[in-house]
Each structure stands twice: as structure tokens, then as C-alpha cells.
Amino acid sequence: MLGEAEPQWLSEEVKTGTTIIAIEFNGGVVLGSDSRVSAGASVVNRVMNKLSPLHDKIYCALSGSAADAQTIAEMVNYQLDVHSMEIGEDPQVRSAATLVKNISYKYKEELSAHLIVAGWDRKDGGQVFATLNGLLTKQPFAVGGSGSSYVYGFVDAEYRKGMNKKECQQFVVNTLSLAMNRDGSSGGVAYLVTIDEHGTEEKVILGNDLPTFFDQ
Amino acid sequence: MEKHYTDSKVKGVSTGTTILAAIFDGGVVIGSDSRASMGGEYVSSKTINKVIQVHDRIFCCMAGSLADAQAVIKSAKSHLSFHSVQMESPPLVIAAASVLKELCYKNKDELQAGFLTAGWDSKKGAQVYVVSLGGMLISQQVTIGGSGSTYIYGYVDAKYKPNMTREECLQFATNALALAMGRDNVSGGVAHLVVITGKGVEHVVVPGDKLPRFHDE
């Protein structure tokens, strides 16, 4: 043998194979994500917070290639700072989502990341935008990442209009827990961010505090 | 962004379907959608029944290549009826599942078929068995399969409870199939359900317009 081959994960792309979700309630939004970052079959970070602030009351949830997603978030963070100085007040959530969409669309062939943008502004309250592949849609809730396929049925069945803040938080935690149980690329802890007109609250829910289901 | 390929794009195999089986207090429900599609672009049948009866109280759903599955089931049916004559009693559900498993395992290089087997026998009552592609046989309380099943893992994990009543289980199965058909473009049509208990077998067909609707429909 000629020598030791390097471990496989060094040559694999680092992906945030993930589960992310954002949901709007009357007066704000709740965002949630898991915390696993994988490179092929290895978990390279088991506590990564994929909910990234774009502004005080606007956050985005990262999925896809970790490097691409982080870069887009940092660029938009900078662009939003400049924009908010220009207009002299806090930016609208739609503006943040549009900036993300512009980058995702322009570089759609080179990038492989999906960011869900959610936040609160004075004009339209809580809003959630999906920016998959360069489209921009406002939705009552959005799920993304590899784990989201497993919970489409669950969110379709359980979502109701007019849920309050506590119900939304429970909905997000349940959805994340179910996805993390089934998707090999999602796991670790659950991060939650709740944004309303009073402020932004970040929370971590550790593995053993997540809801369990009949087969656990 | 993780790309998801429906199974039909992998090795040219058609799995465009959603199948499910669940045990309740006193019996088992097994069901499927009714769409047969060619490559996700053309629906060749809107009303195909994918729940096959292999004996009086034992039913199967197929996943994977439909041609392989049909061939295996045909062979399994004849094995089972011979076995039942030899034993002078109805076959056990595990016997039916084992027959399928033997065929899948011994011919694993040529076949691409998996099965859900559900039934009732006097020895162990209601049972559900899964025979996967390579020929593994396991027993479960609730199980789902086919391309549409990815979308309802979360729903099934959250909503299945052991020892439900017959009505609750039927509603659970109908909801799960409806949700999968709503998200998977190669599953659809009507929901075919079969309820098997010690007392008998009942077919329930839920047409498209009677399927439960969810918030965005």
C-alpha cells in the first residue's frame, strides 16, 4: 500500500442537509431548524444554528450547501444594513427576501442553497417568504431542506389558519422532531426563533426535551 | 439543495404509488392509491387496485417494479394454496410473508419488488409484515411504502397510536393516503382500503371527491 488515504469526509461537500421551517402567526413569525451539518456520511457539526439574522427582526433559515447558504446570508445582511441606512428605518421583510431572491436567481446555476426568509415589520406584520431556486413567494408557512419531504403530510394535515404564538411554536417543534427522526441528514438539537413587534427570542431545545412519538 | 428523485427515475423502475398498512384493536387496515403512471407524465390508469388478495384473510400491496411484483405474487398464491391444503387450515400471515420473502431473497439479483403483507390468523391475530427489496422480513405495527410514502413519514409517526378503534384507524389511513396523493404526482385517484378482522374482510373505496381536504385545498 502506498500510504494512508485521507478520510472520505475531507473530500465531500459540506451540506446542511437539514430541516427548516418558518410559520407566520398574527403578530409575528416562528422559525425553526435542526443543527446537523454533514459531509457525506460524517456529521461535521452537530450544534450549528441554521437560523441566521439578516436584521433585528428579520431572520433566514439556511439549507443546502453550507458555504453557499452562509455566504448568501452574509451578503444580504450587509446589503440590508446599507439599505436600512438609506431609508432611515427598519427594512421590510419583503425587501430582505427580494435581496436573497436576487442572489439565488442570478447565480442559480452555481449555487445550491435554499433560504427561507421570515420576520416582522411595521407595515405587514409577520411574513414568511420562500426563495427556492430564485422564485419569491409569500406563504403562511414554509418548510425546506432534505428533512422537509418527510413532514409534508404532517404540516398539510396539522396547519390551521389563525394559530397563536404558542401553538405555532409547538407546531414547529413537533415538525422538526418528526423530520429529525426520519432524515439521516437532520438531527441534533432544535433551534427556535420567535419574532414579533416586541422583539426577537432565541431558544434551543435539547435532544431529550424534544417530543417523542409512539415508536420511541 | 437536496434533489429528490422519485423512485421511478432510478434504474427505470416504476414505484409511483403510496401503500400503507396499520394494525388496530382487533384487525388491520391495508390500503393504497389507484394511479398507474408511465414516467410521471402520463397516467395510464386512474383506478388500478394495488391491494391483492393472496388468501381469504391475507392481502398484499406491491412496491417496486409492478411486473416483478405481479410475477412473485402469482407464484406466492399458488405456493400458499398448496400449503393451506397440506396443513388443512388457513395459512398464517407469517407464512404468506415468508413465501414472498423466500422468492425475493433467492432471486434478489433479478427482482426489484417489495411487499406489505397484512392479515389476520387465529394464532397471532392481526399482523403486518414488510418484505423489503433485498428480501428482509420484519413485522411492524404500521408501515408505509412507495414513492408517496416519503411525504407522510412525519404524519404517520405523529398520528399512529397502537390499539385504535376500527373507525379511527380507517380515518388515519384515509388521511395518510390523501396527504401523500396531494404531494406526490405519481400517486392519486381513489383510495382503496381493505379492513381485515377475525370476522371477515371489508373493502372500502374512497373516491377522489370524498377524500379529506386539508388547509390549502
Side-chain angles (χ1 to χ4, degrees), chain A residues 13 15-21 38 62-65 68-69 104 108 111-115 131-134 139-141 143-163 171 174-186 211-216, chain B residues 1-7 18 20 22-25 33 128 130 138-164 168-169 171-187 191 211-217:
Chain A
E13 189 194 354
K15 292 191 153 277
T16 58
T18 196
T19 309
I20 51 176
I21 174 171
S38 45
L62 316 173
S63 74
S65 152
D68 289 349
S104 302
K108 72 188 324 225
L111 294 174
S112 90
H114 172 211
L115 273 66
T131 64
L132 181 60
N133 282 339
Q139 299 176 189
F141 70 90
V143 291
S146 56
S148 65
S149 316
Y150 302 104
V151 291
Y152 271 113
F154 179 76
V155 300
D156 280 344
E158 290 296 291
Y159 173 77
R160 293 172 326 274
K161 273 172 71 170
M163 289 196 279
F171 175 80
N174 286 345
T175 310
L176 286 174
S177 185
L178 288 164
M180 281 156 60
N181 283 339
R182 287 290 182 179
D183 181 28
S185 311
S186 299
T212 53
F213 301 93
F214 81 95
D215 55 350
Q216 292 163 282
Chain B
M1 171 71 180
E2 303 282 321
K3 279 228 166 79
H4 272 277
Y5 293 105
T6 54
D7 297 355
T18 309
L20 144 171
I23 296 183
F24 62 90
D25 185 18
D33 71 309
V128 168
V130 184
I138 52 173
S139 168
Q140 293 195 292
Q141 294 266 302
V142 61
T143 187
I144 52 182
S147 58
S149 66
T150 5
Y151 305 105
I152 50 173
Y153 273 106
Y155 181 79
V156 169
D157 283 345
K159 293 292 167 176
Y160 177 77
K161 306 272 175 299
N163 296 324
M164 288 190 280
E168 287 172 336
C169 195
Q171 188 60 52
F172 161 78
T174 314
N175 287 348
L177 286 174
L179 288 163
M181 295 197 267
R183 285 288 182 179
D184 184 26
N185 63 325
V186 289
S187 296
L211 283 171
R213 294 168 139 228
F214 300 94
H215 72 99
D216 54 2
E217 296 167 86

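Note that the coordinates shown come from a computational prediction; the quantities given were computed from them, not determined experimentally. In the text below, chain A, chain B and the rest are named by the order of the sequence lines, each starting its count at 1.
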Contact origin within B:V156 toward chain A - heavy atom pairs under 4.5 Å
backbone
Measure distances from A:R182 to the heavy atoms of chain B and classify the residue's part below 4.5 Å as side chain, backbone, both or neither.
side chain
Between B:V142 and A:F214 the two heavy atoms that sit nearest each other are CG1-CZ, 3.4 Å
Residue part contacting chain A, namely of B:A158, when any heavy atom lies under 4.5 Å:
both
Below 4.5 Å from any heavy atom of chain A, which atoms of B:N175 appear? Answer side chain, backbone, both or neither.
neither
State which residues pass side chain to side chain donor-acceptor pair (under 3.5 Å) with B:T143; sequence neighbours excluded, sorted by chain then number.
B:Q140
Contact between A:Y150 and B:T150 at the side-chain level, heavy atoms closer than 4.5 Å - yes or no?
yes
Please find the pair of heavy atoms, one from B:Y155 and one from A:A157, that lie closest to each other, and give the distance.
CE1-CB, 3.4 Å
